[in-house]
Amino acid sequence: MTTPATTRWTSAVGAPQLARLLASQRTAQDEPGRRVPAYRSLADGVRLLIHEGRVPVATRLPAERELAAALGVSRTTVAAAFEALRADGFLESRRGSGSWTAVPAGAPVPTRGLEPLPPEAAGSMIDLGCAALPAPEPHLSAAFRAALGELAPYAHTHGDYPAGIPSLREALAERYTARGVPTMPEQIMVTTGAMGGVAALSRLIAPRGERVAVDHPSYANVLQLLRDSGARLVPVPLADELAGWDLPVWRRVLRDSAPRMAYVVPDFHNPTGSLATDEQRRDLVAAARAAGTVLVADESMADLAFDEGPGGRLPCPLATFDPGGSSVITVGTVSKSVWAGLRIGWVRAAPDIVRSLVAARAYADLGSPVLEQLAVAHLMTGDGWEPAVGQLRDRARGNRDALVAAVRELLPDWEFTVPRGGLTLWARTGGLSGSRIAEAGERLGVRVPSGPRFGIDGAFEGYVRLPFTIGEPLAREAAARLAAAADLVRTGAVSGADVPRSYVA
Ligand SMILES: Cc1ncc(COP(=O)(O)O)c(C=O)c1O
């Protein structure tokens with residue numbers, strides 16, 4: 001018996017691609033001294049690909065004969081592996097429709113976003129739930145003082161600016177133009193954080209029941225927002241941690257599923273930290289346009305680049321390949337580059353899309369606070385922006401280095417690729433369940449979100465996400481508590497969560 005959510009397939013994996021994925025996978029077969037029958041090894045390999053989100057749930061698998069040929073094994077081996085997967089609840093089959101991946105009924109499927117603790121409630125707990133830094137002072141306070149000085153003309157109006165105050169729309173349009181994407185203020189709507197932008201866009205473009213393609217893994221709160229809005233999520237696995245988008249897979253998903261909308265994070269992706277190349281950006285926009293899919297690019301982390309990368313510059317904004325903003329819509333925020341407490345974000349799109357969003361705002365949140373908008377406009381147009389963002393960038397880079405060093409020393413079997421920007425480290429937890437580590441960590445005074453929060457249908461059980469929000473000595477203490485948590489899991493002392501201790505077969 002499998003969960004009802006999996007009774008229809010939303011994407012397919014071809015035999016050569018599945019063979020390639022299996023070849024890159026470690027399974028029990030690889031453990032020295034352990035001999036496993038070929039069918040079991042194949043079943044374990046497929047199960048691990050499902051757990052890791054590299055073959056999403058509800059993916060149609062190739063026919064037994066094709067897979068046998070691609071793997072160079074007998075058809076009996078593949079048939080036995082499929083049978084074992086069916087028995088364990090990882091595969092469903094229907095005559096004439098083929099077989100598609102599933103998760104067993106009753107398996108824990110975390111479908112929650114991230115819940116940071118209120119700072120005053122954290123006590124001695126090291127809370128790594130939230131990827132946002134304290135404000136860059138004194139720049140933020142200076143911006144608010146300037147904003148108060150500019151408030152009078154607004155205070156004499158009704159204060160209702162559903163598209164945002166003109167000076168901020170202009171400042172944002174100028175920033176895009178300076179980044180090489182000519183933009184008019186009519187193409188900008190100020191929102192309540194990036195989340196407000198994504199929420200408004202999902203209501204407009206992909207109302208209840210529409211398909212929305214997402215990177216897999218992806219930002220937990222947007223996944224939850226899309227689930228809540230009734231979207232049918234189509235996960236598109238990232239090639240691997242830092243290589244980012246797998247264009248052949250994206251092309252196939254866009255062609256086969258024709259989703260209304262795709263949500264992607266091109267810059268220092270949350271949680272993996274990957275940065276899409278210019279070529280990947282150009283190709284994804286072309287593929288989305290061909291499929292009639294609107295791409296929503298979340299640029300939340302774009303200002304947190306720690307170095308300039310190969311060629312001495314950062315990749316261009318995704319909107320470069322559709323400056324009109326009809327098929328590429330950009331979402332941004334100051335939450336990562338300045339302060340999440342401002343709750344100021346924006347959408348950049350074609351003017352008619354902005355007009356529709358603004359009209360719909362009358363029955364959503366009506367607008368964003370004027371004083372905060374004035375403060376952000378002041379920062380962006382004055383000489384406070386670079387020092388403010390530079391301060392956070394330096395802090396995030398220092399925190400990254402401290403965290404990476406501490407995890408390498410105290411958790412040597414955890415694997416990760418060091419991101420060149422952003423705020424998150426996506427760590428493979430040495431074959432242990434990330435959910436159990438999170439549970440044990442909570443008891444030992446460290447809160448981390450486990451991998452499945454960033455996945456669909458229980459994928460990424462073997463991961464946790466660590467943010468660049470703490471430096472030394474706290475980073476070392478956090479790693480030490482996580483190492484103690486991992487020990488508890490390894491020795492079986494944590495048994496509350498309904499997940500296996502080890503996620504590898
Ligand atoms: C990719 C991404 N989008 C959006 C957000 C939330 O942004 P905001 O605070 O502007 O709503 C975050 C915060 O972690 C994020 O990482």
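Just so you know, ligand 1 is whichever comes first in the structure, and atom 1 is the first atom listed for that ligand.
- In this pair, Trp426 and Tyr463 present their aromatic rings parallel. The plane angle is below 30°, not in the 30 to 60° band.
- Contacts between His269 and ligand 1 below 4.0 angstrom, taking non-hydrogen atoms only, are absent altogether.
- Within ligand 1, the atoms closer than 4.0 Å to a non-hydrogen atom of Arg343 are 8 (P), 9 (O), 11 (O), numbered from 1 in the order shown.
- Remark: Arg397 pairs with Asp394 by the salt bridge (charged side-chain N to carboxylate O under 4.0 Å, His left out) rule, at least two apart or across chains.
- Taking every non-hydrogen atom of Asn270 and a distance limit under 4.0 Å, the qualifying atoms of ligand 1 come out as 14 (O), 15 (C), 16 (O).
- Between Arg281 and Asp322 there is no salt bridge, since no side-chain nitrogen of the basic residue lies less than 4.0 Å from a carboxylate oxygen of the acidic one.
- Each of the atoms 10 (O), 11 (O) of ligand 1 lies under 4.0 Å from some heavy atom of Gly193.
- At a 3.5 angstrom cut-off on N or O pairs, Ala340 does not count as close to ligand 1.
- Annotation for Ser257 and Val234: closest pair OG-CG1, 4.0 Å, computed over non-hydrogen atoms.
- Near Thr333, with a cut-off below 4.0 Å to any heavy atom, the atoms of ligand 1 are 8 (P), 10 (O).
- Within the 4.0 Å heavy-atom shell around ligand 1 one finds Met301.
- Side chains of Tyr263 and Asp298 form a contact here, defined as non-hydrogen atoms less than 4.5 Å apart.
- A salt bridge is absent between Arg436 and Glu461: the closest approach of a Lys/Arg side-chain nitrogen to an acidic carboxylate oxygen does not fall below 4.0 angstrom.
- At least one N or O atom of Ser335, backbone or side chain, sits closer than 3.5 Å to an N or O atom of ligand 1.
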